[in-house]
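As structure tokens, the structure follows; a few thoughts come after it.
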Amino acid sequence: QELTGGVLLSALWQLSRRGDAGPEAALQGLVQAVLQPLLAMIDAWMTDGRLQDPYHEFFVLCDPTVPLKDLWTKMYTLDPQMVPCFMPMPVAMKVLRT
């Protein structure tokens, strides 16, 4: 199975927390590398209202078929599977709604 976005970040995070010092350091470097695009997506969404997710890796989803009158109530939703395991769901919901 191909892991992307928050799912990949969660898997790397969990592996990096197993307590083996050698792989832990390398995995933490990977976590940092995978985290950077997610942080950029969160920043673009929260500061400019731009959903920059060309590879469908972000936990905020857009349904372009929703009528404009429902723009802020139904067009944007949360994909719980893509929320990284270390981010509490209330924080992810705050990102969605900000």
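Heavy atoms only: backbone and side chains are in, while hydrogens, waters and symmetry mates are out.
In plain terms, the two heavy atoms of Cys85 and Ser10 that are nearest each other are N-OG, 2.7 Å. Contact between Pro37 and Ala33 at its shortest, heavy atoms only, is CD-O, 3.2 Å. A pairwise comparison of heavy atoms in Gly5 and Met82 identifies CA-CE, 3.8 Å as the closest pair.
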**Study point:** ring pair (Phe, Tyr, Trp, His ring centres under 6.0 Å) between Tyr76 and Trp45, intermediate numbers included
**Key:** CA-CA 11 Å; Tyr76 298 100; Trp45 175 250; 4.9 Å; yes

Point to revise | side chain to side chain contact (heavy atoms under 4.5 Å, CB included) between Val60 and Leu51, intermediate numbers included | key: CA-CA 8 Å; Val60 174; Leu51 189 58; 4.0 Å; yes

**Study point:** Ile42 and Met87: CA distance, side-chain angles, deciding distance, side chain to side chain contact (heavy atoms under 4.5 Å, CB included) verdict
**Key:** CA-CA 12 Å; Ile42 291 172; Met87 178 181 284; 4.0 Å; yes

Practice item. Assess whether side chain to side chain contact (heavy atoms under 4.5 Å, CB included) is satisfied between Gln28 and Arg17, documenting all intermediate values. Key: CA-CA 9 Å; Gln28 285 182 358; Arg17 300 292 179 237; 3.0 Å; yes

Review point. Taking it one step at a time, do Leu78 and Met93 satisfy side chain to side chain contact (heavy atoms under 4.5 Å, CB included)?
Key: CA-CA 7 Å; Leu78 191 74; Met93 289 301 296; 3.3 Å; yes

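Enclosure of atom CZ in Arg97 is not indicated, since only 12 or fewer non-hydrogen atoms of other residues, nucleotides or ligands lie within 6.0 angstrom.
In this structure, the side chains of Met41 and Phe59 stay at 4.5 Å or more apart for every pair of heavy atoms. Considering only heavy atoms from C-beta on, Phe58 stays 4.5 Å or farther from Val83 through its side chain. For the pair Val31/Leu9, a side-chain contact is recorded, criterion being any heavy-atom separation below 4.5 Å from C-beta on. Counting heavy atoms from C-beta outward, Asp63 and Lys74 have side chains that stay 4.5 Å or more apart. Between His56 and Thr4, the closest side-chain pair of non-hydrogen atoms is not below 4.5 Å.
Residue Asp79 holds its CG atom at 11.5 Å from CG of Leu96, rounded to the nearest 0.5 Å. Annotation: the span from Gln14 atom CD to Leu27 atom CG amounts to 11.5 Å, rounded to 0.5 Å.
Of the candidates Val7, Val34, Leu3, Val34 is the only one forming a side chain to side chain contact (heavy atoms under 4.5 Å, CB included) with Leu12.
The cluster map of Ile, Leu, Val, Met, Phe, Trp and Tyr, joined by side-chain heavy atoms under 4.5 Å apart, puts Met75 and Leu61 in different clusters. Hydrophobic clustering keeps Tyr55 apart from Leu30 (ILVMFWY residues linked when any side-chain heavy atoms are closer than 4.5 Å, directly or through intermediates).
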